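Working notes, structure below.
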Amino acid sequence: MLIESVEELLDIASRVPVQRVELDALVGAGIELLVRRDDLVDPELAGNKFYKLFFNVCDAREQGFSLLLSFGGAYSNHLHALAAAGRRYRFKTLGVVRGERPAQLSPTLRDAEAWGMKLVFIGREEYRHKNEQELIAGLRAQYGDFYLIPEGGANLAGARGMQLLGQSLERQLKGDYTAVCIACGTGTSLAGLAAGVELAKPAIGFSVLKGEGSLGDTVAATYRQLQISGGTATSASVTNWRLIAGFHAGGYGKRHPEYLSQFWRDFERVTAIPLDPIYTVKMLWGIVSLAKQGYWPRGSRIVAIHSGGLQGRRGFVCP
Ligand SMILES: *Cc1c(COP(=O)(O)O)cnc(C)c1O
């Protein structure tokens, strides 16, 4: 579906299914867990990338670009969504992929190519310079001018899109929840979500990275920018986002330890909600583990955002 306005996007977002899940550990801790199924918001452009790309596409169109360029790995949810958005909104897309072109493309990249994305492979060493002017200038010289979206859609436009998700959640539940959780890679989504919900509602991010170093700084800076641009900037110390770092289970894209595989199998069997291996499984494992530790006050009503990523399951050896 083509979305033409913020109001239309809010309307769609406010109708995303919210599913209550019952697990023994949650019942025992006296808390209620609602999974907001943003993995179902759109068949091709699923999860948080649906929101993160919205204002990027708007901005690119307003600025008169016909080519969108971004970066990612062979299983990137972001490149997959970008290719889908490009096809739908009539942009050419170019995906700069980390590593050599393999003999056989991943299912992610096969889709992307089928949707018209041009794939350019660069070595891992060169990929590390993806944010540097020289590499970008070289790409411009070769492919013409483009609207640049950072890896993962990690820019202010991306965060603004996620802010709409937060606003839609308020509309949908009319404030009847106590906290909202999301998995964090770059932290852009957490910053946007936190800025979109009421200040009294904590937005809790579960980092999937091992040495997240500057993640908190990124969230803080992005959140602050949203407050300033929205005219709601108050004292710098008033924030409603939190970051929890203990549930990365070895780090980004690492092979799952057995306890996580076990949790994944059990969760899917009991709830019939499919999870992705990189992000959502770790967030839910974190939420449930914290419930067992008594972290959530009894009577809590927690919303977990299902940020999608299911296309990436195809590249993962499921337990
Ligand atoms: C990209 C992605 C995230 C991480 O979003 P950030 O804004 O980078 O923190 C979380 N979940 C899924 C499924 C994703 O694809």
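Residue numbers start at 1 and run along the sequence shown. Please read these numbers as outputs of a predicted model, since none were measured by experiment. Ligands are counted one by one from 1 in listed order, and the atoms in each one are counted from 1 as well. Excluded from the calculations below are hydrogen atoms, water molecules and symmetry mates; all remaining heavy atoms, backbone and side chain alike, are included.
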inquiry  = Let me check something: do Ile273 and Trp285 share a hydrophobic cluster, defined by ILVMFWY side-chain heavy atoms less than 4.5 Å apart, either directly or through other members?
reply    =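 Looking at the clustering, Trp285 is in the same group as Ile273.
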
query = Is the cationic atom of Arg98 (NZ for Lys, CZ for Arg) positioned less than 6.0 Å from the six-membered ring centroid of Phe71 and within 45 degrees of its normal?
reply =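 No cation-pi geometry.
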
key: Lys NZ or Arg CZ of Arg301 over Tyr177 ring: under 6.0 Å, within 45°   =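 No, cation not above the ring by the 6.0 Å, 45° rule.
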
Check each N or O atom of ligand 1 against all protein N or O atoms and list the pairs under 3.5 Å, with atom names and distances to 0.1 Å, one per line.
{"residue": "ligand 1", "atom": "5 (O)", "partner": "Asn48", "partner atom": "ND2", "Å": "3.0"}
{"residue": "ligand 1", "atom": "7 (O)", "partner": "Lys52", "partner atom": "NZ", "Å": "2.6"}
{"residue": "ligand 1", "atom": "7 (O)", "partner": "Ser189", "partner atom": "N", "Å": "2.9"}
{"residue": "ligand 1", "atom": "7 (O)", "partner": "Ser189", "partner atom": "OG", "Å": "2.7"}
{"residue": "ligand 1", "atom": "8 (O)", "partner": "Lys52", "partner atom": "NZ", "Å": "3.3"}
{"residue": "ligand 1", "atom": "8 (O)", "partner": "Thr186", "partner atom": "N", "Å": "2.8"}
{"residue": "ligand 1", "atom": "8 (O)", "partner": "Thr186", "partner atom": "OG1", "Å": "2.6"}
{"residue": "ligand 1", "atom": "9 (O)", "partner": "Gly185", "partner atom": "N", "Å": "2.8"}
{"residue": "ligand 1", "atom": "9 (O)", "partner": "Thr186", "partner atom": "N", "Å": "3.2"}
{"residue": "ligand 1", "atom": "9 (O)", "partner": "Gly187", "partner atom": "N", "Å": "2.9"}
{"residue": "ligand 1", "atom": "11 (N)", "partner": "Ser307", "partner atom": "OG", "Å": "2.7"}
{"residue": "ligand 1", "atom": "15 (O)", "partner": "Lys49", "partner atom": "NZ", "Å": "2.7"}
{"residue": "ligand 1", "atom": "15 (O)", "partner": "Asn77", "partner atom": "ND2", "Å": "2.8"}

ask   = Do the side-chain N and O atoms of Asn155 and Asn56 include a donor-acceptor pair separated by under 3.5 angstrom?
value =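 Yes, a side-chain donor-acceptor pair sits under 3.5 Å.
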
ask   = Is it true that the side chains of Tyr223 and Asn240 contain a donor and an acceptor less than 3.5 Å apart?
value =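 Distance-only check passes for Tyr223 and Asn240.
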
key: Listed once per pair and sorted, the salt bridge (charged side-chain N to carboxylate O under 4.0 Å, His left out) pairs that draw on residues 177-193, sequence neighbours left out   =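 Checked against salt bridge (charged side-chain N to carboxylate O under 4.0 Å, His left out) - neighbours excluded - no pair reaches residues 177-193.
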
